[in-house]
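Scroll down for the structure; my scribbles are underneath it.
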Protein chains: 4
Amino acid sequence: MREPRAAAPTAGAPTATRGRRADAERNRAAIITAATAVFAEHGAEVDVREIARRSGVGMGTLYRHFPSKEDLLRLSLEQEFTAWLTEAHERAAATQDPWQALSGFFEQVLTTQAHNRALMDSYVQTGGPTEACVQKCRAFIDALRERCERAGLLRRGVSTEDLLSLSASLCQVVQTPGGQHRWRRLMTISLDGLSSRHREPLPS
Amino acid sequence: MREPRAAAPTAGAPTATRGRRADAERNRAAIITAATAVFAEHGAEVDVREIARRSGVGMGTLYRHFPSKEDLLRLSLEQEFTAWLTEAHERAAATQDPWQALSGFFEQVLTTQAHNRALMDSYVQTGGPTEACVQKCRAFIDALRERCERAGLLRRGVSTEDLLSLSASLCQVVQTPGGQHRWRRLMTISLDGLSSRHREPLPS
Amino acid sequence: MREPRAAAPTAGAPTATRGRRADAERNRAAIITAATAVFAEHGAEVDVREIARRSGVGMGTLYRHFPSKEDLLRLSLEQEFTAWLTEAHERAAATQDPWQALSGFFEQVLTTQAHNRALMDSYVQTGGPTEACVQKCRAFIDALRERCERAGLLRRGVSTEDLLSLSASLCQVVQTPGGQHRWRRLMTISLDGLSSRHREPLPS
Amino acid sequence: MREPRAAAPTAGAPTATRGRRADAERNRAAIITAATAVFAEHGAEVDVREIARRSGVGMGTLYRHFPSKEDLLRLSLEQEFTAWLTEAHERAAATQDPWQALSGFFEQVLTTQAHNRALMDSYVQTGGPTEACVQKCRAFIDALRERCERAGLLRRGVSTEDLLSLSASLCQVVQTPGGQHRWRRLMTISLDGLSSRHREPLPS
DNA sequence: CATGAATGAGAGTTCATTCAT
DNA sequence: CATGAATGAACTCTCATTCAT
């Protein structure tokens, strides 16, 4: 879907060519897979060679598929982000209680992103790897917010942006030494602060 | 305070001696000032040459005063952190309402550290530039917590560590584009979640 | 020997693969060659850039092949030393007279190492570039010593270590301005002092 | 003697000036003393700052007295060398046996220079810190040689240059790890090779 | 089209020498 | 005339990117 090159060769393309393309696709996939793992473990600052090594391709192949390290990073994160958001959608759809859907989202942010340094960094800094991702995420959060709002569970005045920022801010705690055992408390606190129990208006 | 050499010349100290040292002190100060600014703007990864350029000294001078980049970074952050913590103490002492003292602290974290990338990074990652700083900060937060607790304002089970982590986590929002106008809302939400109004126990 | 990749292509190895590696090998060899020459001329303190320049490669290439200057130095010296020791073995094997074998070794030390500052420095200071080299050299000298001793030609009490030290000490003379024409005399003197003609015991 | 500036102020020079000169002399002496110690311990490559520190003067003062590190090195070594040669003269004069005078000289070279890295380096490389020193040393050795020759103790054909080179070559052994206990043996060997017992001609 | 070797601009750091005080 | 702070070129080494094979 994201890979127009993978389109099935409708005509009788020569096997050699098709083999090449298949190879290329496999390489491309291997690179993204490796990059995702490496970026997750070591963050975005990691040496590109490490990715090449892990994916089993040469530097030239890597740069043929991705014109720059940043491009590869972006694509890898986009993919991760998308998958993550997809799962978030599924979970939310499977959850009837609006508030539980919201808190489930927070939990997912903190459990999933905790193990992906580069992804988490992008989430914290800009809300996601690309503006498109951010938009989708925002839309999803907006839906969650609306569900809670309609159910009268959400504090008056809480915006989608608030929820996005709040989830991002909690992210970092997880990376903190010892944070693995503490984020749940902070999440509880923050979510409680979001409940309609609080009637004080938020500052503009 | 950090500069015994700069001790106020009580009597007519020899100009020659003082002049030399004064210049060196000015350079040292210029370096720290520049470093602080540069680290604040660009983070800890910035090129040392940029600091030398901004402070108007050569590399040798910089390294005469600070034996390594890390030393300079640490010193700059320590200074910033200490100044910040001092102000925090003063504010807290001048505030009668315990809760307002606590929220004032959060506000100060977010207003002051927001504009210093390197400082904020250290605060988020480890709680401060050095273990000593962290200890002092923790002690200060602990005092704030106790005041609120005694006054029955703080949610049961909230630890000092929780407050430290929470303040750190909120920090990052400020750096977010647009975060300058949103952190106050998140702070309110989080603080409300900390209030004794909430009787649900926190997860261990 | 050190280059399994350079193994002779017995069959029609694919040109592409071999071409690449061959080039790399050529570069590697060029670097060692240049390094050997440069170290020989200027000693171990020389700037790495000079080696890169002389070998016609960039710094990156140099560091791709040798992770540090010290590694390059060590490898270069090991190679030189090994080649030299190999030749020494051959000469000794081809020489029937034990005493001539010993004096031939001294001669070889002084003629070969004389023109390699870094190699000579290592020989003088530690007996060779690595402990392994030193051991091999010591073993070789020990064999020479035994041959002479069995033939009753060597002064009583002369140890392998004495011979090693003596050869090393003579080395430096060669580098002296004018030393090129004088070392043969010193060698003769020293060797004569080693002959069994002298029956006085050596100091412990 | 080497310090024309130390000439006694014959006229009634103002005290201030005389005090200055005295101070300057004291500084100069302190610098040489410190430099000598530092060069002896660490060799000629040592940081100039170490010398300034040890002599208790500033860098400016150091460079006022000695326009470059090399000048200071040369002067320090000259002084040491001269003192050493003076002692050598005295010893030789006090020794009746010509051969003992010669071997005493070798012994002095190896005991004295062993503890002075920079001095020894210069002795090994060029025969002394300056050409003048080398000449004086050569002259002294020549006298020793003549005494031995006249007494019929020295091998025919041994030149002054041979003796100088030989003493220099033995020097280095002392610095070798373990060399402290081995140089006496090598010295004995070499000296024995110099004795008139050997009638074979030396190579030209 | 894949390979991985080559590139070279910087990174942090040192030190002989100069110069303002 | 002393001081020691300041200078900056040079050092070893790294890494995103290019290019010959």
Report task. Just jot down the side chain to side chain donor-acceptor pair (under 3.5 Å) partners of B:E80, sequence neighbours excluded, or say none. Result -> B:N116

**Report entry** Nucleotide E:dG10, atom P - distance to CD of B:E50 in whole Å
**Finding:** 13 Å

Report summary line: What residues 34-47 of chain A contributes to the DNA chain E interface at heavy-atom separation below 4.0 Å is none

Requested in this report: Run the salt-bridge test on C:K69 and C:E45 with the 4.0 Å N-O cut-off and return the result as yes or no.
Outcome: no

Requested in this report: Name all residues meeting the side chain to side chain contact (heavy atoms under 4.5 Å, CB included) criterion together with D:E131; count only those two or more places apart in sequence or in a different chain, and write none if there are none.
Outcome: D:V134, D:Q135, D:R138

Report summary line: D:F81 meets the ring-ring contact (aromatic ring centres under 6.0 Å, His included) criterion, sequence neighbours left out, with D:W84

Query raised in the report: Who passes side chain to side chain contact (heavy atoms under 4.5 Å, CB included) against C:A30, sequence neighbours left out?
Result: C:S55

Query - Length of the line joining B:D23:CG and F:dT7:P, which is rounded to integer Å - result: 10 Å

**Report entry** For B:R53, all residues meeting side chain to side chain donor-acceptor pair (under 3.5 Å), sequence neighbours excluded
**Finding:** B:E50

Report summary line: A:D71 atom CG is separated from F:dA16 atom P, nearest whole Å, by 14 Å

Report summary line: What residues 55-63 of chain D contributes to the DNA chain E interface at heavy-atom separation below 4.0 Å is D:M59, D:G60, D:Y63

Query raised in the report: Can you tell me how far C1' of E:dA16 sits from CZ of D:F66, to the nearest Å?
Result: 16 Å

Show the atom names and distances, to 0.1 Å, of all donor-acceptor pairs under 3.5 Å that link a side chain in residues 118-125 of chain B to residues at least two apart or in another chain.
unit_1: B:S122; atom_1: OG; unit_2: B:L119; atom_2: O; d: 2.9
unit_1: B:Y123; atom_1: OH; unit_2: B:S167; atom_2: OG; d: 2.7

**Report entry** Between F:dG4 (P) and B:E25 (CD): distance, integer Å
**Finding:** 14 Å

Report task. Take the protein atom CZ of A:R53 and the nucleotide atom C1' of E:dG4, then report the distance between them rounded to whole Å. Result -> 12 Å

Query raised in the report: Residues two or more places apart in sequence or in another chain: which of them pass side chain to side chain donor-acceptor pair (under 3.5 Å) with C:T61?
Result: none

Requested in this report: Apply side chain to side chain donor-acceptor pair (under 3.5 Å) to B:E70 and list each qualifying residue two or more places apart in sequence or on a separate chain.
Outcome: none

Query raised in the report: What is the distance from CZ of D:R49 to C1' of E:dA16, rounded to the nearest Å?
Result: 8 Å

Report summary line: In whole angstroms, the gap separating C1' of E:dT14 from NE2 of B:H65 amounts to 16 Å

Query - A:R64 vs E:dA2: side-chain N/O to OP1/OP2 distance below 4.0 Å - result: yes

Query raised in the report: Can you list the residues that meet the side chain to side chain contact (heavy atoms under 4.5 Å, CB included) rule with C:R74, with sequence neighbours excluded?
Result: C:D71, C:E78, C:T130

Query raised in the report: Between the main-chain N or O of D:L72 and the side-chain N or O of D:S76, is there a donor-acceptor pair closer than 3.5 Å?
Result: no

Query - Contiguous pairing runs of three or more, Watson-Crick or G-U under 3.5 Å, that involve DNA chain F - result: E:2-21 with F:2-21

